[in-house]
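Reviewing the structure listed below.
Counting from 1, the numbers follow the sequence of the chain as shown. The basis for the numbers below is simple: all heavy atoms, side chains too, and nothing from hydrogens, waters or symmetry mates.
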Amino acid sequence: RLAQAFARQRRFIAETAHELRTPVAVLSAQVALLPETSAKRNVERGVARLGGLVGQMLDVERQTSAQPH
């Protein structure tokens, strides 16, 4: 059961990361079109952090899927 729980968790992480990747990219592109302001820089930092978290989730998924189970 534990192995099944870990497998479900890995699938959830992978599916979530893949689902978030496109909206984060779209948001980033939209923010890039805004005029330069301190608010824009704050949003850019937030979007970059979110993109980094999604990237880390994808990295975890790739590493765990490459390991034998």
Quick one: salt bridge (charged side-chain N to carboxylate O under 4.0 Å, His left out) pairs with a partner in residues 50-59, sequence neighbours left out?
Asp59-Arg62
Tabulate below the donor-acceptor pairs under 3.5 Å that side-chain atoms of residues 43-58 make, not counting sequence neighbours, or state none.
{"residue": "Arg45", "atom": "NH2", "partner": "Asn42", "partner atom": "OD1", "Å": "2.2"}

So, using side-chain contact (heavy atoms from CB on, under 4.5 Å) as the criterion, who are the partners of Glu36 when residues are at least two apart?
Lys40, Arg41
Quick one: side-chain contact (heavy atoms from CB on, under 4.5 Å) partners of Phe6, sequence neighbours excluded?
Leu2, Gln9, Arg10
Just jot down the side-chain contact (heavy atoms from CB on, under 4.5 Å) partners of Glu15, sequence neighbours excluded, or say none.
Arg11
May I ask you to decide if Val24's main-chain N or O and Ser28's side chain share a donor-acceptor pair within less than 3.5 Å?
no
